[in-house]
Protein chains: 2
Amino acid sequence: MATIRDVAREAGVSIATVSRVYNESPLVSDDTREHVRQVASRLDYIPNGAARSLITNRTHAIGVLLPDLYGEFFSEVIRGIDLAARRARFQVLVSSSHADTDTLMAAVSSMRGRIDGLIAMAPDEKTTSALRDFTRKFPVVLLNPGPVQAECATLSIANFDGAYAMVRHLQSFGHRSIAMVKGPDGNIDAQERLRGYRTALRDSGIEPEPSLEVPGDFTEASGYEGAMTLLQRQLRPTAVFAANDYMAIGLVSALRDSGLRVPDDIAVGGFDDIAISKYLSPPLTTVRVDAYTLGERAVLQILPFTRTRKPVIAHHEVVPTQLVLRRSCGSTLAMAPDSLHRQRRRPTSEVEPG
Amino acid sequence: MATIRDVAREAGVSIATVSRVYNESPLVSDDTREHVRQVASRLDYIPNGAARSLITNRTHAIGVLLPDLYGEFFSEVIRGIDLAARRARFQVLVSSSHADTDTLMAAVSSMRGRIDGLIAMAPDEKTTSALRDFTRKFPVVLLNPGPVQAECATLSIANFDGAYAMVRHLQSFGHRSIAMVKGPDGNIDAQERLRGYRTALRDSGIEPEPSLEVPGDFTEASGYEGAMTLLQRQLRPTAVFAANDYMAIGLVSALRDSGLRVPDDIAVGGFDDIAISKYLSPPLTTVRVDAYTLGERAVLQILPFTRTRKPVIAHHEVVPTQLVLRRSCGSTLAMAPDSLHRQRRRPTSEVEPG
DNA sequence: TTGTAAGCGTTATCAG
DNA sequence: CTGATAACGCTTACAA
């Protein structure tokens, strides 16, 4: 590996001049610049990032901490981060699947000194509060944070609104007994979706019923389980809202295995709008979450603070969700999008079936 | 940020001693070690990675270059990489979605000096040859590389065997007219799967027919298109093999929209075994690809070479695939796994339906 | 067992 | 415009 010294010697200039060329300094004549460039490329010289960041105290990298990398949602978030970071010429250091707070904090320390900012998904209260100290001395953007986040910069999804819109939509077809397959207990998305579900019910004069809320953990398998649990009730619900699409898929699969038709016998709604949802049979009515934008916005939020490495100014941005009408909810709207049934509730809006 | 000097001063020792403590050197008394540890943690000291790697010439990071981050396959690969890297206390620097060779090479240079090894997915010939030079001076493992790779270390998927096994399986039900929805032209996985398809046909005395091979690009939409193209033939094929599951999903969706039943009217097979395949209606017969293992193996291969930064010794590892029997192929095996129809062909094996 | 000091490859601050 | 030279925070002979 050629160093700046090699280039300087070979080009007959000082290392300072070579450095200036690579830092786009105007303090260098066009001739020298050109000459240095040629020598450098002949020697295959590339500035050493470590040395650079040692003196500038900037790494040009952002860290990304995720609870897990599993499934389409996370991969879309990373994609948004990756592309936005690249546009700003930043590198992305990822670390995922942190089982507990300890390994999470270990990951944070190992990144320290190597990054100029951190994007952390902290979907439960424990994680959020563990990261709290760090958010006070370093640029951090929290994705989908738990409730302990007043003084941090956060970016979340309109979970409540999405769930609310979904339930109201189901009700618009006359469904009165709407069940829910919940997400993991500590998970903030799951909690907010549940809250949206309950509020929608109450707003229409129905008291949420515990036996209609069955547990789940965001996996297909738990959606399948959840359906089976619900079918054991003496009175079958006429609609089920799953807290994410993966569970909705398991749910539909279980209903089919039990000889029930969706949506004729039972309507189903999901959450996330993963890519394959529209190809399911029946196509899944769901709430679209723009994970790509979530990642992209996070980068855009953090970028201005990477220079000073001062904490990101506390503020809370919400990425809207969209109700996507397809056939699993029994919606006739899926065929006639102009129907009067439409009801908007910001920031969750409805869209044509994709 | 506290530096090693702060700790040394505060603890009343030299910076060398502090350094030794952090490098697990035996040349330091237990008392001093303990004392330094305490002072360090009080000052919230964390060694600066840049300074460290400047002198040691090791970054403890590996770079990951992917063509795109889209979909379950890539996210699983990254997951495998991430976990294996963490176990070895390595960081992971990702960069994906490189439209062309130029942006790819730009990503490679921007990583130089920041990584001790590179895992690059180079699913087409252009990418593979662009990376070629680099593989001769640096530890690189190529994932699913194109044909120009004799002297590199590579890790690939048993695409050919998987496709071969799938086609032979379909034939075992008497299908004679088996169509294929292909993947992108330049993509090596797509090419190998196509080759496996054709070879299986020829091995059973059938000459592959161009009109039965329709183009696709690995997206659901192209699977849908592909089905429509095939249905325009005067003689409908009795089975279709899609080069990946996403296309198979689009395919099934199109067949259903055309009033055809799967597998009764037409059998369908996919490739990848993405998580939701078993929840489709009908559950999809496919070829399982262990993307997680692919990522994990790549890290394990490269790790021994990160110390010296010498090129990885050329060798070619193949991750096996498994035929997964479900209902979309009309397999009665899916119910009776012990049937005589089973036929094994290493390294692709069959498994019970999940 | 501990300390001293010479780098690692850059950038930044001066002088010229 | 260009060149010396002192940092940056750390590891590692070598000395003590």
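Chain letters run A, B, ... following the sequence lines, proteins first, then strands; residues in each count from 1.
When heavy atoms are screened at a 4.0 angstrom cut-off, Ser53(A) is found touching no nucleic acid atom at all. Within 4.0 Å (heavy atoms only), Ser19(B) reaches at least one base atom of the nucleic acid. Across all strands shown, Asn23(A) has heavy atoms under 4.0 Å from sugar-phosphate atoms exclusively, and none from any base.
Counting to the nearest Å, the P atom of dG7(C) and the CG atom of Asn48(A) are 18 Å from each other. Note: CZ (Arg20(A)) to P (dA12(C)) measures 11 Å, nearest angstrom. Residue Leu43(A) contributes atom CG, which lies 15 Å from atom C1' of dG9(C) at whole-angstrom precision. Atom CZ of Arg58(B) is separated from atom P of dC10(D) by 18 Å (rounded to the nearest Å). For the pair Asp6(A) CG and dC8(C) C1', the computed distance is 13 Å after rounding to whole Å. What separates CD of Glu34(A) from P of dT2(D) is a distance of 14 Å, to the nearest Å. Summarising the geometry, the separation between CZ on Arg9(A) and P on dG3(D) is reported as 15 Å, rounded to the nearest angstrom. With rounding to whole Å, Ile15(B) atom CD1 is found 9 Å from dA5(C) atom C1'.
Counting heavy atoms from C-beta outward, Arg42(A) and Glu10(A) have side chains that approach closer than 4.5 Å.
Within the structure, every side-chain polar atom (N or O) of Thr56(A) is placed at least 4.0 Å from both OP1 and OP2 of dA12(C). Distances shorter than 4.0 Å separate none of the side-chain N or O atoms of Tyr22(B) from OP1 or OP2 on dT12(D). In this structure, Arg52(B) reaches the dT11(D) phosphate: one of its side-chain N or O atoms is under 4.0 Å from OP1 or OP2. Look at Thr3(A) and you won't find any side-chain N or O under 4.0 angstrom from OP1 or OP2 of dC8(C).
Of the residues listed (Val289(B), Ile81(B), Val77(B), Ile119(B)), the one engaging Leu294(B) in a side chain to side chain contact (heavy atoms under 4.5 Å, CB included) is Val77(B), and it is the only one. The only member of Thr128(A), Thr154(A), Asp189(A) that meets side chain to side chain donor-acceptor pair (under 3.5 Å) when paired with Asn144(A) is Asp189(A).
Listed nucleotides: dG9(C), dT2(C), dT2(D). Nearest to the side chain of Val28(B): dT2(C). Taking the side chain of Ala16(B) as heavy atoms from C-beta on, and the options dC14(D), dA5(C), dC10(D), the nearest nucleotide is dA5(C). Proximity note for Val13(A) (side chain, C-beta onward) versus dG9(C), dC1(D), dG3(D): the nearest is dG3(D).
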Worksheet entry | Working for salt bridge (Lys or Arg N to Asp or Glu O under 4.0 Å), residues Arg9(B) and Asp6(B) | CA-CA 5 Å; Arg9(B) 183 172 6 87; Asp6(B) 301 326; 2.9 Å; yes

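Map Ile55(B) and Ser14(A) each onto its nearest nucleotide of DNA chain D; the residue landing nearer the 5' end is Ser14(A). Between Thr17(B) and Ala51(B), it is Thr17(B) whose nearest contact on DNA chain C lies nearer the 5' terminus.
Between Arg37(A) and Glu34(A), none of the side-chain N atoms (NZ, or NE/NH1/NH2) sits under 4.0 Å from a carboxylate O, so this pair counts as no salt bridge.
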